[in-house]
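In what follows, chains are A, B, ... by sequence order, proteins preceding strands, each numbered from 1.
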Protein chains: 2
Amino acid sequence: MHISVKTGYAVRALSELALNASEKPISISKICEKQNLPIKYIEQLFRNLKRDGLVKSIHGSKGGYLLNRELNKISLKNIMKAVDDDFSHNFCYGTKEHIDYCKGFPCGFYELWDEIKDHMENYLDSIKLEQIISRL
Amino acid sequence: MHISVKTGYAVRALSELALNASEKPISISKICEKQNLPIKYIEQLFRNLKRDGLVKSIHGSKGGYLLNRELNKISLKNIMKAVDDDFSHNFCYGTKEHIDYCKGFPCGFYELWDEIKDHMENYLDSIKLEQIISRL
DNA sequence: AGATAACATAGTAAATTAGTATGAATTGGC
DNA sequence: GCCAATTCATACTAATTTACTATGTTATCT
């Protein structure tokens, strides 16, 4: 029950993008320089963020990334879901693959785990990038 | 952001204990037989649960485990904290050891992660074993 | 053409997870 | 007193995950 370093990196990188928002894209190397993050790793994360529509990219020299939504339309849930690929399955399963944790699916605890999942997702969805950067 | 199989096992084992509560202790092997859980693994978990005062044990033949608190005094948070040893550190750290995720501690995001941690803990603490078994 | 970017894929060391293996200490019943 | 059933304790392990690095290719600006 913890948030990954990966998610933390993504939040920092996106905050950097948000704080310096303009029409001009910002490069990964610039972001990583400011926030002291591993460039190649963050590149990967941004491809996922792009896939989920949180950012858009501009190729080539003078290229980089831009936010693709308003600050109050990007939630922590969005970020985690983009970056952490197995974010929030029904906990009944434990890991990505069903390891027969509860034989006889759905077991008596299925609803419990589902409720918890929903609560967590809703909570994380209520935390927006806007609110995150407002406190920096 | 997920709940471990370990926690799931602990919940199932404790529920089994709760459903068959009496003055007589129930053995790990009985619990595991009923819930189809790995005995040696559950033994380990129960030592942690005992350490945290959630259960008490009786040695020797005819021995086993008993709940040590009322059903509404055992929360999911209690269980997770007992069983999952690095449950809920400030997310700023990522893993047990500070990997210099945020140099210049506390970084600007520290409060955010702390708030999330608190919210999660409070929520998990509001889910009691009593409520869990009432739906089985 | 050359520099600077994003994009893509594969590899990798360390840690974590979900166990197993082996055995010691304790107690009840015969 | 012995045996079986139990908790208690520690060490090992295979598979997975995590947080990266390496090695490129492709696209765009000057």
Side-chain angles (χ1 to χ4, degrees), chain A residues 1-10 12-13 17 24-33 36-51 55-66 68 80 83-87 89 91 93-102, chain B residues 1-10 12-13 17 24-33 36-51 55-66 68 80 83-87 89 91 93-102:
Chain A
M1 175 49 65
H2 63 282
I3 290 179
S4 64
V5 170
K6 207 191 254 180
T7 293
Y9 285 175
R12 280 166 64 190
L17 215 51
K24 288 181 194 164
I26 307 176
S27 68
I28 295 286
S29 52
K30 204 76 168 189
I31 291 169
C32 290
E33 186 192 336
N36 196 258
L37 295 170
I39 296 182
K40 284 295 179 185
Y41 196 46
I42 303 303
E43 275 188 5
Q44 291 171 14
L45 302 193
F46 268 73
R47 265 173 259 140
N48 289 337
L49 294 170
K50 185 186 176 185
R51 182 200 59 207
V55 297
K56 57 188 167 192
S57 68
I58 293 175
H59 261 72
S61 185
K62 302 281 173 189
Y65 285 94
L66 289 164
N68 195 35
M80 290 175 69
V83 132
D84 234 336
D85 39 66
D86 74 332
F87 165 74
H89 39 71
F91 299 128
Y93 292 85
T95 53
K96 253 169 280 190
E97 301 302 313
H98 193 329
I99 60 167
D100 208 11
Y101 160 79
C102 44
Chain B
M1 176 47 69
H2 62 281
I3 288 179
S4 64
V5 169
K6 207 191 253 179
T7 293
Y9 285 174
R12 280 166 64 190
L17 214 54
K24 286 180 195 165
I26 306 177
S27 69
I28 296 284
S29 50
K30 204 74 169 193
I31 291 169
C32 290
E33 188 190 336
N36 196 257
L37 295 170
I39 296 182
K40 282 295 178 185
Y41 196 47
I42 303 303
E43 274 187 8
Q44 290 172 15
L45 302 194
F46 268 74
R47 262 171 263 139
N48 288 337
L49 293 170
K50 184 186 177 184
R51 181 201 60 208
V55 297
K56 58 188 165 190
S57 68
I58 293 176
H59 261 73
S61 184
K62 304 280 173 186
Y65 284 94
L66 290 163
N68 196 33
M80 290 175 69
V83 133
D84 234 337
D85 39 64
D86 74 332
F87 166 75
H89 38 72
F91 300 127
Y93 292 86
T95 55
K96 253 170 278 191
E97 301 303 315
H98 194 327
I99 61 169
D100 209 9
Y101 161 80
C102 44

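- At whole-Å resolution of the value, NZ in A:K40 and P in C:dC7 are 12 Å apart.
- Taking the side chain of B:I28 as heavy atoms from C-beta on, and the options D:dA9, D:dT7, D:dT21, the nearest nucleotide is D:dT7.
- Proximity of A:S29 to the phosphate of C:dT4: no side-chain N or O atom is located under 4.0 Å from OP1 or OP2.
- Look at CD1 on B:I42: it is 16 Å from C1' on D:dT6, rounded to the nearest Å.
- Atom CD in B:E43 sits about 17 Å away from atom P in D:dA11, given to the nearest Å.
- In this structure, A:I39 places its CD1 atom 13 Å from P of C:dT4, rounding to the nearest Å.
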At a cut-off of 3.5 Å, list every protein nitrogen or oxygen paired with a nitrogen or oxygen from nucleotides 26-29 of chain D, distance to 0.1 Å.
from   : atom 1 : to    : atom 2 : distance (Å)
D:dT28 : O2     : A:S61 : N      : 3.1

Check the interface with nucleotides 12-14 of chain D: list each N/O to N/O pair with the protein under 3.5 Å, or write none.
none

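- What separates CD of A:Q44 from P of C:dA6 is a distance of 13 Å, to the nearest Å.
- Aromatic ring pairs are classed by plane angle as parallel below 30°, tilted from 30° to 60° and perpendicular above 60°; the pair B:F46 and B:Y65 is tilted.
- Partner of A:V55 under the side-chain contact (heavy atoms from CB on, under 4.5 Å) criterion, out of A:L45, A:N48, A:L66, A:L17: A:L17 alone.
- Across the protein-nucleic acid pair, B:K50 atom NZ and C:dT26 atom P stand 12 Å apart, rounded to whole Å.
- Mapped onto DNA chain D by nearest heavy atom, A:Y41 and B:I26 fall at different nucleotides, with B:I26 at the one closer to the 5' end.
- Counting any heavy atom pair closer than 4.0 Å across all strands shown, A:Y65 reaches sugar-phosphate atoms only and no base atom.
- With C:dA18, C:dC7, D:dC20 as the choices, the nucleotide that has an atom nearest any side-chain atom of A:S57 turns out to be C:dC7.
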